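A short write-up of the structure that comes next.
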Amino acid sequence: MNKGNALHLVFGIFGNATGLFLFLAPTVTFKRIITNKSTEQFSGIPYVMTLLNCLLAAWYGLPIISTNNILVSAINGTGAVIESIYVLIFLIYATKKEKAKILGLLIVIVSIFSTIALVSILAFHKEKYRQLLCGVVASLFSIIMYASPLSVMRMVIKTKSVEYMPFLLSLFVFLCGSSWFIYGLIGNDKFLYIPNGFGCLLGAMQLSLYAIYRNNKLGDIEKSTADGSLEMGLAKPQHYDQKQSNYS
């Protein structure tokens with residue numbers, strides 16, 4: 001194994017480790033849901049969308065689609081299993097209206113993945129065309145997932161508090177994005193280094209915001225500003241939950 005291949009493997013393994021941490025981050029939320037036997041104000045949409053992202057990325061990493069990316073399939077296949085468990089738990093404890101919405105969305109994302117998978121196999125016989133189709137779609141949804149926490153970053157700037165953006169999650173978003181960015185560069189795979197470069201940048205921005213506002217208390221800020229009401233009450237669990245899931 002030459003130096004380039006060794007580094008490719010090292011950063012792939014590190015990316016798997018940091019990615020697994022992000023996928024497991026919402027377990028605290030689901031422990032609460034199971035304990036209370038209710039989804040309360042939490043949203044199930046981020047988990048369904050993350051499931052689609054994992055399925056597309058896992059498919060892209062398979063040898064029939066791209067080369068030397070089996071580690072991409074490994075972590076995203078694991079992520080797909082974890083997200084499926086989250087969605088199942090959510091469906092068990094959600095209200096009828098919420099169940100119908102999540103089931104409908106689940107059918108849509110399974111249809112999207114199935115269509116992409118079938119078209120890539122049946123319509124394209126050359127690997128480069130299969131890789132192009134699957135790579136573009138996977139990159140698009142990966143960028144969307146990485147961009148999801150922008151609303152939380154906006155909240156941090158508005159409230160001057162990092163209450164809804166825990167340091168460890170921000171750190172692992174940066175580390176995960178950086179690992180796969182370098183992995184993609186070493187493997188010369190633009191469908192990996194472009195979306196993960198974007199994720200690396202957003203992770204760095206989150207850490208910068210944390211460094212700026214880490215000592216501020218939300219309660220103190222609310223008391224000292226005219227715009228103190230930020231609709232945190234019942235919306236708090238939903239914001240917090242979406243933030244955790246989107247990071248994964």
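Numbers here simply count residues along the sequence, with the first being 1. It should be emphasised that the depicted structure is a prediction, and the values quoted were computed from it without experimental measurement.
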Task: D189 versus Y183, side-chain donor and acceptor atoms under 3.5 Å - done: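 Y183 vs D189: no donor-acceptor pair found between side chains.
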Would you name the heavy atoms of [X] and [Y] that are closest together and state the gap between them?
X    : Y    : result
G79  : C54  : C-SG, 3.8 Å
F23  : E83  : CD2-OE2, 3.6 Å
E127 : I64  : CG-O, 4.4 Å
T50  : M145 : OG1-SD, 3.7 Å
I116 : C134 : CG2-SG, 4.2 Å
N188 : Y193 : C-CE2, 4.3 Å

Open item on the list: Pair R154, I157 - check side-chain contact (heavy atoms from CB on, under 4.5 Å), show working.
Closed with: CA-CA 5 Å; R154 178 177 176 273; I157 295 172; 5.8 Å; no
Taking [Y]'s backbone N and O only, do any of them form a donor-acceptor pair with [X]'s side chain (distance below 3.5 Å, no angle check)?
X    : Y    : result
S139 : P195 : no
N16  : G12  : yes
S120 : A117 : yes
S142 : A138 : no
Y93  : N36  : no
R214 : A211 : yes
R130 : F124 : yes

Open item on the list: Between F198 and Y146, is the ring pair (Phe, Tyr, Trp, His ring centres under 6.0 Å) condition met? List the steps.
Closed with: CA-CA 7 Å; F198 181 71; Y146 273 126; 7.1 Å; no
Can you get from [X] to [Y] by hopping between Ile, Leu, Val, Met, Phe, Trp and Tyr side chains that sit under 4.5 Å apart?
X    : Y    : answer
I92  : I107 : no
L88  : L55  : yes
W180 : V10  : no
L168 : L22  : yes

Task: Trace of the side-chain contact (heavy atoms from CB on, under 4.5 Å) decision for N69 with S73 - done: CA-CA 7 Å; N69 283 326; S73 289; over 6 Å; no
TODO: Start with the C-alpha gap between L202 and V173, add the side-chain angles, then the distance that decides, and say whether side-chain contact (heavy atoms from CB on, under 4.5 Å) holds.
DONE: CA-CA 8 Å; L202 282 180; V173 166; 5.7 Å; no
Quick one: pull up [atom1] in [X] and [atom2] in [Y] and give me the separation to the nearest 0.5 Å.
X    : Y    : atom1 : atom2 : value
S111 : L106 : OG    : CG    : 9.0 Å
L51  : L56  : CG    : CG    : 9.5 Å
I144 : N53  : CD1   : CG    : 9.0 Å
I82  : L24  : CD1   : CG    : 4.5 Å
F191 : N196 : CZ    : CG    : 13.5 Å
E98  : L103 : CD    : CG    : 10.5 Å

TODO: Examine F30 together with Y47 and report whether their ring centres are nearer than 6.0 Å.
DONE: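 Yes, the ring centres sit under 6.0 Å apart.
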Open item on the list: side-chain contact (heavy atoms from CB on, under 4.5 Å) for I13 and L9? Distances and angles first, verdict last.
Closed with: CA-CA 6 Å; I13 292 174; L9 178 62; 3.9 Å; yes
TODO: Side-chain contact test, heavy atoms from C-beta onward, threshold under 4.5 Å: evaluate it for W59 versus I121 and give yes or no.
DONE: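 The answer is yes; the side chains approach within 4.5 Å.
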